Amino acid sequence: MPAQGKVKFEGEAVSAGTIMLMPVGKGERSVSLVFEQGDFALHTEGDLGAKPGTYRVIYRTELDADKLHPTLPKEKGLPQETIVIYHSPQTPPLTIPQNGTEELVVNIDKRTGWTRTLSD
């Protein structure tokens, strides 16, 4: 099923990164690069789209926010190649409907329970 949309950070579109949907329970994960204006189109095991179901979301991006995504928080003293990973809250999970969707919006916001980790 088609599954595409936008990734936002606190309401503003990001311009780079990777989004991954991990199924709640059994299923296959779906992944996409995130492009200008936060646009993404999920793929599952090489096929365009995602299977209907509920998912948790992981968003990964480089810390070098100056050029890629000015809305991400800047961290002092960390190498530019540091990866920032955002994990969606436990509830509510993201749902892909039976018909798919072209209107997914993933809004990363710490106020709604998203957590952030750093990796080098």
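Count residues from 1 along the sequence. Given the structure is predicted, the values throughout are model-derived calculations rather than measurements.
Contact annotation: the side chain of Ile108 never approaches that of Val14 to less than 4.5 Å [non-hydrogen atoms, C-beta and beyond]. Side chains of Met1 and Gln98 form no contact here, defined as non-hydrogen atoms less than 4.5 Å apart.
What you find for Lys51 and Thr44 is that their closest heavy atoms are N-OG1, 4.3 Å. Heavy-atom minimum distance, Ala3 versus Ala50: CB-CB, 3.7 Å. Closest of all the heavy-atom pairs between Ile58 and Met22 is CD1-CG, 3.9 Å. The two residues Val24 and Arg56 have their closest heavy-atom pair at CG2-NH1, 3.2 Å. Across all non-hydrogen atoms, the minimal contact from Arg111 to Asp109 is NH2-OD2, 2.7 Å. Glu28 and Tyr55 get closest at one heavy-atom pair: O-CE2, 3.8 Å.
Using a distance-only test at 3.5 Å, with no hydrogens or angles considered, no donor-acceptor pair links the side chain of His87 to the main chain of Ile85. Judged by distance alone, with hydrogens and angles left aside, the side-chain atoms of Lys6 form a donor-acceptor pair with the main-chain N or O of Gln37 at under 3.5 Å. With hydrogens and angles ignored, the 3.5 Å screen pairs no side-chain donor or acceptor of Thr95 with any backbone N or O of Thr54.
Tracing side-chain contacts under 4.5 Å through hydrophobic residues (I, L, V, M, F, W, Y), one never reaches Phe35 starting from Leu42; they form parts of separate clusters.
Not less than 6.0 angstrom separates the ring centroid of Phe9 from the ring centroid of Tyr59.
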